[in-house]
Structures are given as C-alpha cells and as structure tokens.
Amino acid sequence: MEGESSKRTAPPPPSKGLLQTPELYQYVLETSVFPREPQQLKELRDLTATHPRAMMATAPDAAQLMGLLIKLIDAKKTIEVGVFTGYSLLLTALSIPHDGKITAIDMSRESYEIGLPVIQKAGVEHKIEFVESEALPALDKLVKDEGNEGSYDFAYVDADKVNYWNYHERLMKLVRVGGIIAYDNTLWGGTVAIPPDSVAGSHRGGTEATIQFNKSLAADPRVDISLTPLGDGITICRRIY
C-alpha cells in the first residue's frame, strides 16, 4: 500500500488531451495507468519530465493503449517514426517478445541517448535498431527492400505532422494486412476544431496538416480507423488490404 500512496502524492504529467480537469486526469492515471506502468517506464517518464520539450513525449494513457494493441496482435516486428527520449520506444520494446525487433527512426540521436541508459537497464536495447535519419529517406530505403513488404506488425508515428500522409503511404507498404499503425497528435491541442483565425500562428501549419490528414484517413478504404481522445489524440489504423 505504501507504493500506492507514493503514486497519489506524485504530481501527474500535464494533460495534453480532452481531460482538462486535473482531478479527472489524475483519476485516470492513478486508477488504470500508473498501477500498471512498468518501473522502467516510470523512470524514463520522470527523466523526460525535466526536458524543456517534455510535452513532445507520448502521454502515458495513450501509451498504455498502444501497449495493449501491440500485445493483442502479437506484434514482433515494428517501426517507430519519431523517438524523442524513447518512452514509447521502451514501451514497445517491453511489449514485444525477446526476439522482437524495432526499427526506430529519428533525426536526433541526442534525445534518444537521454533515455538510452534506462532502456539498457531494462535489458531491451538488443531489440532496437536506431536509425539517425530524416524519416522519408529511411522509410524509402525500407520500402525498396522487397523483403520488407508487409513484414511489419505495428508502426507508431510521432513526428512532423506535414509529412504524416507521406509516412502513411510508405507504412501501408511495410505493415502487414491486419497490422496496426498509430498516429499521435491527431487532435493537435484541440486546434482542429476551432476557427482557423483563432489558431496561433505558430500552430497553424500543424493544424492545417492535421485536419487534412484526418480527412484523408477517413476516406482511405485500406484501413479501419479510430481517432481516440487520449493524450493529444491518437488515431489507430488497422490495415485491411
């Protein structure tokens, strides 16, 4: 019981989603997220909280859903586009089998190395192939290898929003039928649902790109979709064909 008490007193990460009441978000975290969060993930989450761009990290409630999906489809081979300090990467590494593999793509190895000691301590570094690169060239290289076609079970994208559709087209070639692709930030701070002239200038590009991406996904017959209001919005796609 002492462990539960310490979780109650620890301040929650700021809500990035629709649960704007701190008490309600705290309830969700304390009731179903933190009691099931592995210690290694908690350690990395706490470490990331000190980063000046901590809000870039995957929200723990959204991450919990991803971990469940990964296990439901028995994912073994995955792709991650956008790594940051590695919270979602560590989650995936803990969720796939010992011989599973993750291709993790990010332009900055510096951010990845913040979380790397925790990943190493968790004993899952051997599952990760980190690719320091812009995402499109890295994905194009994977697509060119015919052996990769339809060979991935799961993909997670948390990167530049203007390229989400470009990533989607490539991932649709790499992820198998029945596999899952998850896209983070598909509510973009709630700005997708407010008048364009009310969106701050610094957010408009991302807002416009996210709105268009959501429309394109809704019209894509190749996938089943669910835009889930966890974190900053996470859209789950299941490849149909």
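Along the sequence shown, the residues carry numbers beginning at 1.
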Query raised in the report: Counting N and O atoms only, with roles assigned by atom type, does the side chain of D106 sit under 3.5 Å from a partner on the main chain of G82, one being a donor and the other an acceptor?
Result: no

Report summary line: Interatomic distance, CZ@F154 vs CD@E80, rounded to 0.5 Å, equals 8.0 Å

Query raised in the report: When rounded to the nearest 0.5 angstrom, what is the spacing between CD1 in I102 and CD in E129?
Result: 11.0 Å

Query raised in the report: So how far is it from L174 CG to I79 CD1, rounded to the nearest 0.5 Å?
Result: 4.5 Å

**Report entry** H51 side chain reached by M56 side chain, heavy atoms, under 4.5 Å
**Finding:** no

Query raised in the report: Is the number of heavy atoms from other residues, nucleotides or ligands under 6.0 Å of Q39 CD greater than 12?
Result: yes

Report task. Return each pair, listed once, that meets ring-ring contact (aromatic ring centres under 6.0 Å, His included) where at least one residue sits in residues 116-135; pairs must be two or more places apart or across chains. Result -> H98-H126, Y112-F130

Report task. Test side-chain contact (heavy atoms from CB on, under 4.5 Å) on N148 and V143 and set out the steps. Result -> CA-CA 7 Å; N148 287 325; V143 169; over 6 Å; no

Requested in this report: Look only at the side chain of N214 and the backbone of T186, and say whether a donor-acceptor pair between them is shorter than 3.5 Å.
Outcome: yes

Report task. Answer yes or no: are there more than 12 heavy-atom neighbours, outside E134 itself, under 6.0 Å from its atom CD? Result -> no

Report summary line: What one should report as the nearest heavy-atom pair of T48 and A57 is CG2-CB, 3.9 Å

Report task. For S111 and S108, indicate whether the former's side chain and the latter's backbone hold a donor-acceptor pair under 3.5 Å. Result -> no

Query raised in the report: Is R45 salt-bridged to E37, cutoff N-O under 4.0 Å?
Result: yes

Query raised in the report: Rounded to the nearest 0.5 Å, how far apart are CD1 of I234 and CG of L227?
Result: 9.5 Å

Query raised in the report: Can you name the residues that form a salt bridge (charged side-chain N to carboxylate O under 4.0 Å, His left out) with R222, not counting sequence neighbours?
Result: E169, D220

Query - Test item: S32 and R36 side chains (from C-beta on) under 4.5 Å apart, heavy atoms - result: no

Report task. Would you check if there is a donor-acceptor pair between the side chains of K101 and T78 at a distance under 3.5 Å? Result -> no

Report summary line: Rounded to the nearest 0.5 Å, the CG atom of N166 sits from the CG atom of L139 at a distance of 10.0 Å

Requested in this report: Could you pull out the closest heavy-atom pair between A138 and S133, with the gap in Å?
Outcome: CB-OG, 3.8 Å

**Report entry** Steps toward side-chain contact (heavy atoms from CB on, under 4.5 Å) verdict (Y156, M66)
**Finding:** CA-CA 9 Å; Y156 176 56; M66 285 203 315; 3.2 Å; yes

Report task. Say whether, by atom type as modelled, one donor and one acceptor occur between the side chain of K127 and the main chain of T92 under 3.5 angstrom. Result -> no

Requested in this report: Using a strict cut-off of less than 4.0 Å between a Lys/Arg side-chain nitrogen and an Asp/Glu carboxylate oxygen, indicate whether K42 and D46 qualify as a salt bridge.
Outcome: yes

Requested in this report: Test side-chain contact (heavy atoms from CB on, under 4.5 Å) on V157 and D184 and set out the steps.
Outcome: CA-CA 6 Å; V157 181; D184 199 16; over 6 Å; no

Query raised in the report: Can you tell me if T31 uses its side chain to pair, donor with acceptor, with the backbone of V28 under 3.5 Å?
Result: no

Query raised in the report: What do the steps show when you test R176 against I73 for side-chain contact (heavy atoms from CB on, under 4.5 Å), and what is the final call?
Result: CA-CA 11 Å; R176 64 174 171 82; I73 64 170; 4.0 Å; yes

Query raised in the report: Does a side-chain heavy-atom distance below 4.5 Å link L116 with R109?
Result: yes

Report task. Compute the ring centroids of Y183 and Y167, then answer whether they are less than 6.0 Å apart. Result -> no

Query raised in the report: Does a side chain donor of either T210 or Y164 reach within less than 3.5 Å of an acceptor in the other side chain?
Result: no

Query - Check: I128 and I119 side chains under 4.5 Å, non-hydrogen atoms - result: yes

Query raised in the report: Which residue, L171, V175, L217, forms the side chain to side chain contact (heavy atoms under 4.5 Å, CB included) with C237?
Result: L217

Query raised in the report: Would you say K76's side chain and D74's backbone share a donor-acceptor pair under 3.5 angstrom?
Result: no

Query - Side-chain heavy-atom pair K161, F213 within 4.5 angstrom cut-off - result: no

Query - Flag side-chain contact, heavy atom, 4.5 Å: L47 against I114 - result: yes

**Report entry** Non-hydrogen atoms of D232 and G189 that approach each other most closely
**Finding:** OD1-N, 2.6 Å

**Report entry** Donor-acceptor contact present, side-chain D153 to main-chain K77, <3.5 Å
**Finding:** yes

Query raised in the report: Counting only N and O atoms by type, is there a donor-acceptor contact under 3.5 Å from the side chain of R239 to the main-chain atoms of M172?
Result: yes

Query raised in the report: Are any non-hydrogen side-chain atoms of T228 and T235 less than 4.5 angstrom apart?
Result: no

Query raised in the report: Which value, rounded to the nearest 0.5 Å, describes the distance between L29 atom CG and Q64 atom CD?
Result: 9.0 Å

Query - Heavy-atom check, side chain of I105 versus side chain of V83, under 4.5 Å - result: no

